[in-house]
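Reading through the structure tokens given below for one structure.
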Amino acid sequence: MALVLHTFLPNKNAYKALIAAEYSGVEVNVDKDFQMGVTNKSPEFLKMNPIGKVPVLETPEGPVFESNAIARYVTKLKADNPLFGSSLIEYAHIEQWIDFSSTEIDANIARWLYPRLGFSVHLPPVEEVTIAALKRSLEALSKHLASNTFLVGDSVTLADIVMTCNLIYGFQLIMTKSFTSEFPHVERYVWTMVNQPNFKKVLGDIKQTDSIPAVAKKPAQAQPAKPKAKEEPKKEAPKKVEAPAAEEEEAPKPKAKNPLDLLPPSKMVLDEWKRLYSNTKSNFREVAIKGFWDMYDPEGYSLWFCDYKYNDENTVSFVTMNKVSGFLQRMDLARKYAFGKMLLIGSEPPYKIKGLWLFRGPEIPQFVLDECYDMELYEWTKVDISDEAQKERVSQMIEDYEPFEGEALLDAKCFK
């Protein structure tokens with residue numbers, strides 16, 4: 001009998017097993033007919049888990065419930081699975097971080113989120129204590145990740161799978177950028193992990209929430225019926241102006257315009273340049289590069305070189321690529337106003353990261369500096385297009401010229 005995971009999707013607790021299965025080469029089928037509130041109340045399901053919670057893994061040897069136990073079972077199906085580390089102490093540390101993730105991260109996210117969604121009573125003093133506990137845990141995690149790409153060892157383990165699934169639940173539902181920016185190494189870790197191929201295959205694209213859920217309103221309670229008073233002759237009451245209903249909500253305020261939308265019109269139309277870049281398949285220098293300089297408007301746009309400050313840390317190629325991928329993902333907020341090229345340079349470590357960015361306006365937009373923490377990881381230099389050497393460097397970066405400044409290109413990524 002094949003392994004069948006009984007659950008609804010999306011479900012971060014189910015994702016733990018599904019990602020572990022991808023790394024382990026184990027086939028796990030999700031019950032496509034599962035209906036939450038129906039299937040999990042059936043006699044057949046209650047035989048597998050008497051309290052009706054999901055996920056439940058159906059195996060030839062019997063059912064397994066509790067998400068961490070399911071993920072461990074799937075991982076154990078592969079002999080000497082590197083997801084459990086390469087030594088006894090690594091295995092102990094993996095179990096340590098799984099427990100930490102469940103009791104310190106997941107539990108506090110739930111205690112903060114569930115009352116706001118109306119699943120339990122919202123008490124501001126309790127919320128304050130919960131947020132403080134979560135921040136303390138994230139601070140400890142961030143400190144560990146300051147010198148570690150993964151939680152244990154030099155590759156993904158089951159601890160990373162469980163931790164990431166718990167963290168993205170918070171990132172997607174309640175932990176805004178302004179909250180997580182206090183923990184930059186946790187942010188870097190999350191975006192690195194969700195861009196690993198086996199994670200991405202299960203999770204798809206992950207987007208961080210931009211707001212904390214408002215506290216759910218309590219449903220109005222029905223008032224007991226008052227006994228009918230003895231009828232008296234009706235008196236005509238003076239007419240009153242009807243007050244608006246108390247429950248009526250204030251009309252939503254119009255969303256503030258981005259300051260870049262208020263700039264004077266530019267002769268350069270960014271979408272036209274992006275189309276030209278994407279559609280040029282040959283004679284790139286003569287078509288796309290020439291077209292760029294014909295379109296470029298130094299009054300409406302600015303060009304910037306960026307150089308990663310910590311290139312000596314770039315000793316693993318795929319980790320270096322993931323840094324850049326995470327940066328580009330977080331730059332999505334500027335897609336309407338920017339175009340970028342990021343080059344990973346070198347045939348052997350340490351690899352260099354260099355970039356070129358075109359921004360609307362004369363400076364790097366303030367909202368980008370405020371919202372994208374990666375910006376502070378780079379040195380930014382404004383391009384002087386009157387300098388022919390700098391102008392040629394811009395052209396080479398746009399066209400992925402190789403060798404670039406005498407070195408091979410490991411990879412080149414475009415933001416458009």
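Note that the structure is a prediction, hence the values are computed from the model and not measured.
Leu151 places a side-chain heavy atom less than 4.5 Å from the side chain of Leu141. Put simply, the side chain of Tyr351 does not reach to within 4.5 Å of the side chain of Lys323, judged on heavy atoms. Inter-residue side-chain proximity for Ile70 and Lys16 is flagged as unmet; no heavy-atom pair is nearer than 4.5 Å. Side-chain atoms of Phe65 and Ile51, non-hydrogen and from C-beta on, never get closer than 4.5 Å to each other. Between Phe34 and Val54, some side-chain heavy-atom pair lies under the 4.5 Å cut-off. Side-chain contact between Asp374 and Met331 is absent, with no heavy-atom pair separated by less than 4.5 Å. A 4.5 Å side-chain heavy-atom check between Cys306 and Thr381 finds every atom pair outside the cut-off. Between Ile109 and Leu173, the closest side-chain pair of non-hydrogen atoms is not below 4.5 Å.
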Set out, in order, the CA-CA distance, both residues' side-chain angles and the distance that settles side-chain contact (heavy atoms from CB on, under 4.5 Å) for Thr164 and Tyr15, then state yes or no. CA-CA 10 Å; Thr164 301; Tyr15 290 154; over 6 Å; no
Could you walk me through whether Leu410 and Met321 pass the side-chain contact (heavy atoms from CB on, under 4.5 Å) check? CA-CA 9 Å; Leu410 175 66; Met321 292 177 189; 3.8 Å; yes
Decide yes or no on side-chain contact (heavy atoms from CB on, under 4.5 Å) for Val186 and Thr180, but give the supporting numbers first. CA-CA 8 Å; Val186 174; Thr180 59; over 6 Å; no
Verdict with supporting geometry, Trp273 and Tyr301, ring pair (Phe, Tyr, Trp, His ring centres under 6.0 Å): CA-CA 13 Å; Trp273 156 242; Tyr301 285 82; over 10 Å; no
Criterion side-chain contact (heavy atoms from CB on, under 4.5 Å) on Ile398 and Val394, from CA distance to verdict: CA-CA 6 Å; Ile398 293 175; Val394 169; 3.9 Å; yes
Apply the test side chain to side chain donor-acceptor pair (under 3.5 Å) to residues Asp297 and Ser266: give CA-CA distance (whole Å), side-chain angles for both, the deciding distance (0.1 Å), then the verdict. CA-CA 7 Å; Asp297 170 19; Ser266 170; 2.6 Å; yes
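When only modelled atom types and interatomic distance are considered, Asn314 and Lys352 share no side-chain donor-acceptor pair under 3.5 Å. Between the side chains of Ser101 and Asn166, at least one donor N or O sits under 3.5 Å from an acceptor N or O. For the residue pair Ser24 / Asn81, a side-chain donor-acceptor distance below 3.5 Å is found, with atom types taken as modelled. Side-chain contact annotation: Asp31 with Thr39, donor-acceptor N/O pair under 3.5 Å absent. Side-chain contact, Tyr189 with Asp160: a donor N or O sits under 3.5 Å from an acceptor N or O. With hydrogens and angles left out, the side-chain atoms of Lys341 and Tyr277 include a donor and acceptor closer than 3.5 Å.
Using a 30° and 60° split on the angle between ring planes, Phe199 and Tyr23 fall in the perpendicular class, above 60°. Aromatic ring pairs are classed by plane angle as parallel below 30°, tilted from 30° to 60° and perpendicular above 60°; the pair Trp357 and Phe359 is parallel. Using cut-offs of 30° and 60° for the angle between ring planes, the Tyr337 and Phe367 rings count as perpendicular. The aromatic rings of Phe119 and Tyr114 lie perpendicular to each other, with more than 60° between the two planes, well past the 30° mark. Taking the six-membered ring where tryptophan is involved, the planes of Tyr296 and Phe292 are essentially parallel, since the angle between them stays under 30° and well short of 60°. The aromatic rings of Phe45 and His6 sit perpendicular, their planes meeting at an angle over 60°, well past the 30° parallel limit.
Surrounding CD of Glu139 are at most 12 heavy atoms belonging to other residues, nucleotides or ligands under 6.0 Å away. More than 12 heavy atoms of other shown residues, nucleotides or ligands fall within 6.0 angstrom of atom NZ in Lys309. Sparse packing is recorded around CG of Asp154, with 12 or fewer heavy atoms of other residues, nucleotides or ligands lying under 6.0 Å away. Within a 6.0 Å radius of CZ in Arg285, other residues, nucleotides and ligands contribute more than 12 heavy atoms. Under a cut-off of 6.0 angstrom, the local environment of CD in Glu128 is sparse, with at most 12 non-hydrogen atoms contributed by other residues, nucleotides or ligands. Atom NZ of Lys267 is surrounded by more than 12 heavy atoms from other residues, nucleotides or ligands within 6.0 Å.
Between Ser137 and Ile105 the shortest heavy-atom distance is CB-CD1, 3.8 Å. The heavy-atom pair separating Ala2 from Asn29 by the smallest distance is CB-ND2, 3.7 Å. Heavy atoms only, all atoms of each residue included: Leu409 and Tyr401 are closest at CD1-O, 3.8 Å. Smallest separation of non-hydrogen atoms from Ser302 and Lys382: CB-CE, 3.9 Å. When every heavy atom of Gly361 is checked against every heavy atom of Leu263, the shortest pair comes out as CA-CD1, 3.8 Å. Across all non-hydrogen atoms, the minimal contact from Thr157 to Pro82 is CG2-O, 4.1 Å.
To the nearest 0.5 Å, atom CD1 of residue Ile94 and atom CG of residue Leu83 are 8.0 Å apart. Distance CE/Met342 to CD1/Ile353: 6.0 Å, rounded to 0.5 Å. Note that the CD atom of Glu44 and the CD atom of Glu58 stand 10.5 Å from one another [nearest 0.5 Å]. Here Gln208 contributes atom CD and Ile174 contributes atom CD1; the two are 12.0 Å apart, rounded to the nearest 0.5 Å. Between the CE atom of Met175 and the CG atom of Leu138 there is a distance of 5.0 Å, given to the nearest 0.5 Å. Within the model, atoms CG of Leu344 and CZ of Phe404 stand 12.0 Å from one another, a figure rounded to the nearest 0.5 Å.
Under a 4.0 Å N-O distance rule, the pair Asp205/Lys207 does not qualify as a salt bridge. By the 4.0 Å N-to-carboxylate-O rule, Lys53 lies too far from Glu66 to be salt-bridged with it.
Phe84 carries Lys76 over the face of its six-membered ring, with the cationic atom under 6.0 Å from the centre and within 45° of the normal.
In this structure a side-chain-to-backbone donor-acceptor pair under 3.5 Å is present from Trp380 to Met375. No donor-acceptor distance shorter than 3.5 angstrom exists from the side chain of Arg111 to the backbone of Glu127, with no hydrogens or angles considered. Without hydrogens or angle criteria, Arg330 side chain to Gly326 main chain gives a donor-acceptor distance under 3.5 Å.
Each salt bridge (charged side-chain N to carboxylate O under 4.0 Å, His left out) pair with one or both residues in residues 170-187, not counting sequence neighbours, appears once here: Lys135-Glu182, Lys177-Glu187.
Here the rule is ring-ring contact (aromatic ring centres under 6.0 Å, His included) with Phe327, and of Tyr378, Trp191, Phe415 only Tyr378 fits it.
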